[in-house]
Structures are given as C-alpha cells and as structure tokens.
A.B. asks: 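One structure coming up, written as structure tokens, with questions to follow.
No hydrogens, no waters, no symmetry mates; every other heavy atom, side chains included, goes into these values. Chain letters run A, B, ... following the sequence lines, proteins first and then strands; every chain starts at 1.
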Amino acid sequence: MSDRIEPARAPSGTHDVLWPESARWEALLAHFASVVESAGYGLAHTPIFEDARVFRRGIGEGSEVVGKEMYEFEDRGGRSLALRPEGTASLVRAYVQHRPTLPWKAWYATPAFRYERPQAGRYRQHHQLGVEALGPADPDLDVEVISLADDFYRSLGLRRFKLRINSMGDGSCRPGYLALLTDHLVARREELCVEHAGRVDANPLRALDCKRDECRSVTGGAPHFIDHLCGECRGAFDRVLAGLDALGVAWVIDHRLVRGFDYYTRTCFEFGSDALDSAQNGIGGGGRYDGLVEMLGGPSTPGIGFGLGIERILLACDAEGVFPVAPPPLDAYIIDVTGGDAARDLSALLRRAGLRVEQAFDGRSMKSQLKSADRSGARLALIVGSDELEQDAVTVRTMRGVGEQVQVPRADVVAAVRQTVGSTDPIRKEHL
RNA sequence: GUGGCCGUAGCUCAGUUGGUUAGAGCGCCGGGUUGUGAUCCCGGAGGUCGCGGGUUCGAGUCCCGUCGGCCACCCCA
C-alpha cells in the first residue's frame, strides 16, 4: 500500500510522560512545592512564549542559548516571539509588568525549549522547577535559595550530588577582573583550543569553563575571580559561604564556574550529580542577577534564583536508586458478569462517595475481569454475578494475593469498602 | 551545529559468510466444564525487519540518502 500513513511521532528531542511515570512527576512537583512554599514562595504561571526581546536582553545576545538555540518565530501579527529557553527572564518580566510588593518570592514549573542536538538528559523541550526572589541584596537570601534546592534534592533521597559555587562580581569589580583575565588569556592565545583562541577578547569568560586540555592548562593558571572581588562582593560571598556552612549545605568553590547567561552577578552556583555518568550531569543551577530587572525596563532591583531540570533529576534518582514510582492504588475494581448495569452504577456510587474505583468494560469473562482487577492494583474486587443480583448483594474480595471474600448487602458496599481501605481520602497520600 | 555508534513484534533481544512461509522471553487476548485474579498448563493475535532508493537471481543481512535514538564536542537543566 503506497498510501499507508506514517505513524505519527513526537518531534525530535521531545518526549511524552505517560502513566505511571507521570505519577512520579506529580510527586516530584509536590515535593518541590512543599519545600519552597514552606519558605513563602508562591506559584507563578507565565506564558511559555514571550516577546523575543525579553530573552535577548536578559540572557544576552552573545549567549549560546539566545544566539543559536532559541525557538524564535514570527506570529501572524508580525511580532517576534520566542518559546522560553529558561524560566528566570519570564518571571522577571512578570515582575516588571506587575510590580508586586518586595520582597517578591515566586516558584514555577515549566517546560523550557532549546534547539540543541538531543541526547539522554538533553532535550529540545525539557522541564524546569525554579524559584526567583526579588528585592533583598542580602546574602542570607542567597543562602536561603541555595539551601532550598539542597533540601529539595535531599527530600527525594538524592545524596550523591555536589554544589559548586563562585562569584562573578558586580559592576565595580568585574571590569577589572575581565581585564586581568583577558591579559592572561591573550598572552597565551596560541595555546588555547581552536574554539576559543579567536574569541578571548570578545568573551574571555567562555574560555574559563572550556573542558579541552589546551584551554584547561591555560585557564588553570588564570587569576581567580574571588581574589579580585571588590570589598562588598567579597564580603557578600564570604557571608554566603558561612551561611551554607551554618545550615550544613556542603559546597566547593569552582573558580571556573561562569554561567552562560549575561544577567548573572555575584553568587553563581550549580548542582551536579556524581551518580550521572554523562556529560549531562548538571541537575540545577542559578545565581544572583542584580541587573536583570533594569535590563527589562524595571527599577534597579536585586534578585536571585535557580532552575532545576526535572528530567535530569529523575535520571539522577534512577542512578541512585531512590524516589521510586509509587502510583496511588485504586480502592476497588468492579466485576460484573450480569450485563454491566451493576458495574456502571456501583462505580459511580462509590466514586461519588470519594473512593477510587475502576470497572471492566465490554462484558468480558469473570476470569478476565479479575485479571484486570489484579493488574490494576486495586485493593478490593467487588463482584456482581447472578447470585449477588438476586440477593441484592455484592461480593467483596480482597486482592493482592490474599483472596478472601465476603458477601455484603448492596446498601452496605460503601461502608464495607471504606472499612477495608481506610475512611479518609487516600488520594495522593501514599506516594508523598 | 561537528564527529561517531545504533534502529528486528507493545517491551528486552536472537537472527549464522545475503538464500525457502523472520524467532525467543516478557506482555497482551482466549481456554483449562457448570461464576474467581496473582502460580501452573495449553492455545492465539501481533512484525511496513525506522523510511526511501540502489547493488544482486535473491537483502533484516551490502551501499547511499533520510528520519529517529544514543555517545562525545558545543552548551546547559
């Protein structure tokens, strides 16, 4: 058949999250919400596309993400829009637009889009959890934000991860450091890798985190940013480290850590998983961005935040063997071999009583319906056959390998099920 | 975007130097008498061998292209 239809498939670098994996995502979200809401962060939803300038101005024209990875398009009205490549710029745009009272603390969960060559742990649509805190320049806020990420990872059971931290200075000390760094790199330009030899003048920071040996040997001797911070930046950095120590959050200074977005100032950090045997082992990162609000047309307002990658966190969980999928079980599965009326009506009755109930369709045999009941993971099978119909009763059978059963009057079914599975609403309790 | 590896049933894979109707395990569906799952036994359905072209008497097996996945780079979550 030449006219057969190619099976439809998701675009390259995207993926579906189906049951039961989706239950794990839900649980992940719930963990995150509980951690950050305990610190006063409120959920914010913003559009997944923005005027492309929001990202250009914030993240930076020269950055890889904006320069070659952004999903940018023109809408029917000729506006230049872009799918968000990360969360911070959007949230800061929302702040600039609505000007909620400071301090403003928000969290989000969102897809993020980057046109990259896909790989495990690197997708064209991935998903991030994050927080943004605007207002205070207080380094204790940095400590709060960083420790929230640390708490969240731990709440999932993750242990084999590391926090790397550095400072990128501010307007008063960064130019001086960049000059020093540029001098160092230019003096040994020939030794750098081909990628960076030509670009040191334009963006000296990029060469710092290059992984190639040529660059490494040169940048190994490069001046460290934290040795050239101004007094204020240095004091803030020390306060952050002391705060992390006080809260028991382990850190290691990484002099090469310079994040790829232009808006970062002072504190910057990344969390990497030691359990992930891959180049995609970064499970989260963030930093302070004291100039970003201004870049988007708002009043000078300090801010700090982080973004964590859901897919990579889940990969890390798999690698560490923690945070297993635990979908909430059904309370009952209804088996009806009398034509279906009982299954239909009983299901609705029980659901309206707050129970989780499924039924079989298509009038299959009792054996096959019980099989489905078994696979569904339901705690009980409620059986309605001709005997039960005659006596206006229901047989309640315990599942999961037990196999004991008792007949109860139909009027008592809800009570009988409740008695076995517990009276309170069991929804989403078990896997949290 | 650059370089490399891979692509066989829903899933994990086997398919000999290219040679008759492409296999297994798991899963799925059905059956093992008169209403009973999870164990056991039996049977069944299900494959455009990613897709397109080429070489050949003949291709799942070779070649090219393409799509997709994976690995490294790049970048980042």
A.B. asks: Does one side chain, of T46(A) or R84(A), offer a donor that lies under 3.5 Å from an acceptor on the other?
C.D. replies: yes

A.B. asks: Whether the E37(A) and W107(A) side chains hold a donor-acceptor pair (N or O, under 3.5 Å, no angle test) is what I'd like checked.
C.D. replies: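 Yes, a side-chain donor-acceptor pair sits under 3.5 Å.
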
A.B. asks: Check whether the ring centres of Y123(A) and H15(A) lie less than 6.0 Å apart, and answer yes or no.
C.D. replies: yes

A.B. asks: Looking at S365(A), I'd like to know whether one of its side-chain N or O atoms comes within less than 4.0 Å of OP1 or OP2 on G31(B).
C.D. replies: yes

A.B. asks: In whole angstrom, what separates Y115(A)'s OH from U2(B)'s P?
C.D. replies: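 About 10 Å, once rounded to whole Å.
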
A.B. asks: Taking any heavy-atom pair under 4.0 Å as a contact, classify R259(A): base, sugar-phosphate, or nothing.
C.D. replies: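 Counting heavy atoms under 4.0 Å across all strands, the contact made by R259(A) is with sugar-phosphate only.
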
A.B. asks: At 4.0 Å (heavy atoms only), tell me whether G284(A) reaches a base, stays on the sugar-phosphate, or touches nothing.
C.D. replies: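 The answer is sugar-phosphate, as G284(A) gets under 4.0 Å only of primed atoms, P, OP1 or OP2.
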
A.B. asks: Could you work out the separation of C28(B) and C11(B) based on their C1' atoms and round it to a whole Å?
C.D. replies: 11 Å

A.B. asks: Would you check if there is a donor-acceptor pair between the side chains of T398(A) and Q405(A) at a distance under 3.5 Å?
C.D. replies: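 The criterion, which ignores hydrogens and geometry beyond distance, is not satisfied for T398(A) and Q405(A).
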
A.B. asks: Where do E86(A) and Q128(A) land on the side-chain hydrogen bond (donor to acceptor under 3.5 Å, both in side chains) test, with the steps shown first?
C.D. replies: CA-CA 8 Å; E86(A) 55 98 41; Q128(A) 291 192 19; over 6 Å; no

A.B. asks: Categorize V402(A) for me: base, sugar-phosphate, or nothing, with a 4.0 angstrom heavy-atom threshold over every strand shown.
C.D. replies: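 Answer is base: heavy atoms of V402(A) come under 4.0 Å of a base.
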
A.B. asks: Considering Watson-Crick and G-U wobble pairs with both distances under 3.5 Å, what does G43(B) pair with?
C.D. replies: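 In the structure as shown, G43(B) has C29(B) as its Watson-Crick or wobble partner.
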
A.B. asks: Determine whether any donor atom in the side chain of E388(A) lies under 3.5 Å from an acceptor atom in the base of G35(B), or the reverse, and answer yes or no.
C.D. replies: yes

A.B. asks: Would you mind telling me which residue lines up with the more 5' stretch of RNA chain B, D387(A) or K367(A), judged by nearest nucleotide?
C.D. replies: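 So the residue in question is K367(A).
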
A.B. asks: Decide whether E144(A) and Y41(A) meet the rule of one side-chain donor and one side-chain acceptor closer than 3.5 Å.
C.D. replies: yes

A.B. asks: The side chain of P7(A) lies closest to which of these nucleotides: G35(B), U48(B), G1(B)?
C.D. replies: U48(B)

A.B. asks: Quick test of the criterion, 5.5 Å between centres and less than 30° between planes. Is H126(A) stacked on A77(B) or not?
C.D. replies: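 So yes, this residue stacks on that base, both cut-offs being met.
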
A.B. asks: Using atom P of each nucleotide, how far apart are C6(B) and C64(B) to the nearest Å?
C.D. replies: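 So the two P atoms sit 12 Å from each other.
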
A.B. asks: Could you tell me how the ring of H224(A) sits relative to the ring of H255(A): parallel (under 30°), tilted (30 to 60°) or perpendicular (over 60°)?
C.D. replies: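 Aromatic pair H224(A)/H255(A) classed parallel.
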
A.B. asks: Has the side chain of E311(A) got a donor or acceptor atom that lies under 3.5 Å from a matching backbone atom of H127(A)?
C.D. replies: yes

A.B. asks: Rounding to a whole Å, what distance do you find between Y264(A):OH and A77(B):P?
C.D. replies: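 Those two atoms, OH and P, are 6 Å apart.
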
A.B. asks: Using purine N1 to pyrimidine N3 plus N6-O4 or O6-N4 for Watson-Crick, or N1-O2 and O6-N3 for G-U wobble, each under 3.5 Å, what pairs with A24(B)?
C.D. replies: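 The base-pairing partner of A24(B), which may sit in any strand shown, is U12(B).
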
A.B. asks: Between the base of A77(B) and the side chain of Q125(A), is there a donor and acceptor pair under 3.5 angstrom?
C.D. replies: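 It does not, because no donor-acceptor pair links the side chain of Q125(A) to the base of A77(B) below 3.5 Å.
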
A.B. asks: Between L205(A) (CG) and C76(B) (P), how many Å, whole number?
C.D. replies: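 One finds 11 Å between P of C76(B) and CG of L205(A), rounded.
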
A.B. asks: Looking at C28(B), I'd like to know if its phosphate oxygens (OP1 or OP2) sit under 4.0 Å from a side-chain N or O belonging to R375(A).
C.D. replies: yes

A.B. asks: Between G35(B) and G43(B), how far is it from one C1' atom to the other, in whole Å?
C.D. replies: 23 Å

A.B. asks: Would you say the side chain of L244(A) lies within less than 4.5 Å of the side chain of D150(A), judging by non-hydrogen atoms?
C.D. replies: no

A.B. asks: Pairing check on G3(B): which nucleotide meets the Watson-Crick or G-U wobble criteria with it, both distances under 3.5 Å?
C.D. replies: C71(B)

A.B. asks: When we call it a touch if two heavy atoms are under 4.0 Å apart, what does S386(A) touch: a base, just sugar-phosphate, or nothing?
C.D. replies: nothing

A.B. asks: Anything under 30° is parallel, anything over 60° is perpendicular, the rest tilted; go ahead and classify F225(A) against Y177(A).
C.D. replies: parallel

A.B. asks: Taking the same atom, C1', in C63(B) and in G46(B), what whole-Å distance lies between them?
C.D. replies: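 Pairwise C1' distance, C63(B) against G46(B), rounds to 32 Å.
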
A.B. asks: Provide the Watson-Crick or G-U wobble partner of G58(B), both distances under 3.5 Å; none if there is no partner.
C.D. replies: none

A.B. asks: Who does C51(B) pair with, Watson-Crick or G-U, both distances under 3.5 Å?
C.D. replies: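 Looking at the geometry, C51(B) pairs with G65(B).
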
A.B. asks: What does nucleotides 66-71 of chain B look like as a protein-contact string, B for base, S for sugar-phosphate only, - for none, at under 4.0 angstrom between heavy atoms?
C.D. replies: --SSSB

A.B. asks: Do the side-chain N and O atoms of T395(A) and E388(A) include a donor-acceptor pair separated by under 3.5 angstrom?
C.D. replies: yes

A.B. asks: Measure OH/Y333(A) against C1'/A38(B) and give the value in whole Å, please.
C.D. replies: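 These atoms are roughly 15 Å apart.
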
A.B. asks: Under 4.0 angstrom, heavy atoms only, what part of the nucleic acid is E64(A) near: base, sugar-phosphate, or nothing?
C.D. replies: sugar-phosphate

A.B. asks: What contact category does Q405(A) fall into here, base, sugar-phosphate, or nothing, at under 4.0 angstrom with non-hydrogen atoms?
C.D. replies: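 Q405(A): base contact, heavy atoms under 4.0 Å.
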
A.B. asks: So, R256(A) versus T219(A): side-chain donor-acceptor pair below 3.5 Å or not?
C.D. replies: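 Yes - a donor-acceptor pair under 3.5 Å links their side chains.
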
A.B. asks: Does anything in residues 37-48 of chain A reach RNA chain B, meaning a heavy atom under 4.0 Å, and if so which residues?
C.D. replies: none

A.B. asks: Roughly how far apart, to the nearest Å, are G18(B) and G54(B) at atom C1'?
C.D. replies: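 Going atom to atom, C1' in each nucleotide, I get 15 Å.
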
A.B. asks: Provide the distance between the two P atoms, one in G58(B) and one in U12(B), to the nearest whole Å.
C.D. replies: 34 Å

A.B. asks: Mark yes or no for whether Y289(A), through its side chain, and R266(A), through its backbone, hold a donor-acceptor pair below 3.5 Å.
C.D. replies: no

A.B. asks: How close or far is atom C1' of C28(B) from atom CZ of R364(A), stated in whole angstroms?
C.D. replies: 11 Å

A.B. asks: Rounding to an integer number of Å, can you tell me how far D374(A) CG sits from C40(B) P?
C.D. replies: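 Computing the D374(A):CG to C40(B):P distance gives 13 Å.
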
A.B. asks: Over how many whole Å does the gap from R164(A) atom CZ to A77(B) atom P extend?
C.D. replies: 11 Å

A.B. asks: Using atom P in both nucleotides, what's the gap between C57(B) and G50(B) to the nearest angstrom?
C.D. replies: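 So the two P atoms sit 24 Å from each other.
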
A.B. asks: Can you find a donor-acceptor pair, distance only, under 3.5 Å between K371(A) side chain and G30(B) base?
C.D. replies: no

A.B. asks: Does anything in residues 302-317 of chain A come within less than 4.0 Å of RNA chain B? Heavy atoms only, and list the residues if so.
C.D. replies: G307(A), G309(A), R312(A)

A.B. asks: Under 4.0 Å between a side-chain nitrogen and a carboxylate oxygen: does that hold for R164(A) and E270(A)?
C.D. replies: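 Yes, R164(A) and E270(A) are salt-bridged.
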
A.B. asks: Quick one: L370(A) CG to G30(B) C1', roughly how many Å, whole number?
C.D. replies: 16 Å

A.B. asks: Hey, is the main chain of G272(A) close enough, under 3.5 Å, to the side chain of N281(A) for a donor-acceptor pair?
C.D. replies: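 Pair absent, no side-chain N/O of N281(A) close to backbone of G272(A).
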
A.B. asks: Using atom C1' in both nucleotides, what's the gap between C42(B) and G4(B) to the nearest angstrom?
C.D. replies: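 These two C1' atoms come out 49 Å apart once rounded.
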
